[in-house]
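Chain naming here is simple, since letters A, B, ... match the order of the sequence lines and numbering starts at 1 in each. Fair warning: this is a prediction, and the values are worked out from it, not measured in the lab.
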Amino acid sequence: MMRKGALLLEIVISLVILGMVSAVFFPAIVTLVKRSHQLKHAAVAAAILQEGMEATYNVFLSGWSGWEEGVYHPVVVVGPGTKHWTLISGEETALETRFTRRLEISNICRNPRTGDIRPNCGNGESIDEYSRLVTETVIWSESGQTRQLTTSWVVAKI
Amino acid sequence: MTRRGFTLVELVVVIGLSGLIFVVVSGLTVSLLTVGTKNRHQQTLEQARDDVTSDISNIVKWREGILAWDNNRLQVGDVVYEKSGDRFLKNGVSLLGENVVVTEMGIENYSALEDYPSLIVGLKIESRVLPQVKDEIKLVVSRRKTTIETDL
């Protein structure tokens, strides 16, 4: 039996097939890893968002006045024997190394007849002194893309 | 020239290549199986985290009654959460299932108001079956004010 060069051809074919299989699976694996990181970051962002909401609620409950319209972020004030939330001006950066958090406090207008609220006052509407609109945003960067989670809620003085 | 069978070099190359393929494929298979098992236990911990977060959040926010805590125990009205050994109990019943171990628990209050605490509940959990699979729960929850004060 004469065999010349068959082994080399077989190896070349095997390598080509291996290359083709790798070319199909490699992007899928990269996508899966990327997706896993995205989900992890989104979960951390959601926890940061939740923390901001709870802290803001407690701050407004502790003292209604003094919170003018503007951008804030929550911090913990440590005193003798106590720790408590407060808000300070400006946004918070490098949270958990990659997240930025901003809490925007705005006045809202209420229609005295219907009770409806909205950001800008229309005819017959006035700023509601007992309600504030809080919009919280957590921003982070991922693979060169900016992502964000936002939530808004109304806090009322009760 | 007539050839029968393979030369020694061909056999060595084939055996070498087969060995290489075997090592790569078996390595991949083992790592896939490990990742699969790890993911399953990770999911169990994530489920435990979601259960604890939602349970404690609702109770602390809305349940009426005394609210008291130390590092291993949280009482809200008639509901008591506690770390007992390596388990996390709610009124004496395990909240996380048999396969989740609680290694650490801690509670801090960040509220200036005595009646309306803002608690940070921290729990470190790990899988009983695969202890290298760990997770950390950090839950921030403020008690809600549900009564309206009026001068009327």
Side-chain angles (χ1 to χ4, degrees), chain A residues 1-8 10-15 17-18 21-22 25-26 29 32-33 36 39-40 43-44 46-64 74-87 96 101 130 136 153 155-158, chain B residues 1-7 9-14 16-18 20-21 24-25 28 31-32 35 38-39 42-43 45-46 49-50 53-54 56-57 60-61 107-122 135-150:
Chain A
M1 188 179 104
M2 289 281 288
R3 283 188 66 187
K4 266 191 145 180
L7 188 63
L8 182 63
E10 282 164 6
I11 290 173
V12 169
I13 290 171
S14 306
L15 284 176
I17 292 172
L18 194 68
V21 171
S22 305
F25 281 105
F26 188 69
I29 292 168
L32 278 176
V33 171
S36 158
L39 288 173
K40 208 175 278 178
V44 175
I48 291 171
L49 204 72
Q50 180 69 26
E51 182 190 73
M53 289 172 74
E54 295 299 316
T56 307
Y57 177 83
N58 186 259
V59 168
F60 273 102
L61 200 60
S62 304
W64 182 257
V75 290
V76 176
V77 177
V78 182
T82 62
K83 288 177 183 173
H84 65 88
W85 292 113
T86 191
L87 301 176
E96 307 257 346
R101 169 166 60 188
Y130 300 102
E136 184 182 8
W153 68 98
V155 277
K157 185 183 182 187
I158 57 171
Chain B
M1 190 179 107
T2 310
R3 282 184 61 189
R4 295 189 71 163
F6 304 104
T7 66
V9 175
E10 284 172 348
L11 278 173
V12 168
V13 169
V14 168
L17 282 174
S18 305
L20 210 67
I21 290 169
V24 171
V25 170
L28 276 175
S31 72
L32 275 177
V35 166
K38 206 174 164 186
N39 276 347
Q42 193 70 51
Q43 277 171 5
L45 295 194
E46 279 168 19
R49 188 180 57 198
D50 291 347
T53 303
S54 122
I56 296 181
S57 283
V60 171
K61 277 181 189 172
I107 302 178
E108 281 197 90
N109 177 28
Y110 285 175
S111 174
L113 302 166
E114 201 178 319
D115 293 337
Y116 299 98
S118 183
L119 300 179
I120 299 196
V121 182
D135 204 346
E136 211 168 316
I137 300 169
K138 186 191 166 198
L139 160 68
V140 184
V141 56
S142 299
R143 191 172 218 191
R144 298 302 192 255
K145 188 175 184 180
T146 52
T147 51
I148 298 174
E149 289 161 12
T150 171

Counting heavy-atom pairs under 4.5 Å with chain B, the top scorer among Lys157(A), Glu51(A), Met53(A) is Glu51(A)
Tell me, out of Leu18(A), Val77(A), Asn58(A), Val78(A), who's got the most heavy-atom pairs with chain B below 4.5 Å.
-> Asn58(A)
Heavy-atom proximity to chain A below 4.5 Å, by part of Arg144(B) |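 Contact with chain A involves both backbone and side-chain atoms of Arg144(B).
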Atom group of Leu139(B) that falls short of 4.5 Å from chain A, counting heavy atoms |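 Neither part, no heavy atoms under 4.5 Å.
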Please flag which part of Thr82(A) lies under 4.5 Å from any non-hydrogen atom of chain B: side chain, backbone, both or neither.
-> neither
Ser142(B) and Ser118(B): side-chain donor and acceptor closer than 3.5 Å?
-> yes
Side chains of [X] and [Y]: closer than 4.5 Å at any heavy-atom pair?
{"X": "Ile137(B)", "Y": "Val121(B)", "value": "no"}
{"X": "Pro74(A)", "Y": "Glu54(A)", "value": "no"}
{"X": "Gln50(A)", "Y": "Val140(B)", "value": "no"}

Give the minimum heavy-atom separation between Ile48(A) and Glu136(A), together with the two atoms involved.
->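 Nearest pair, atom of Ile48(A) first, then Glu136(A): O-OE2, 3.6 Å.
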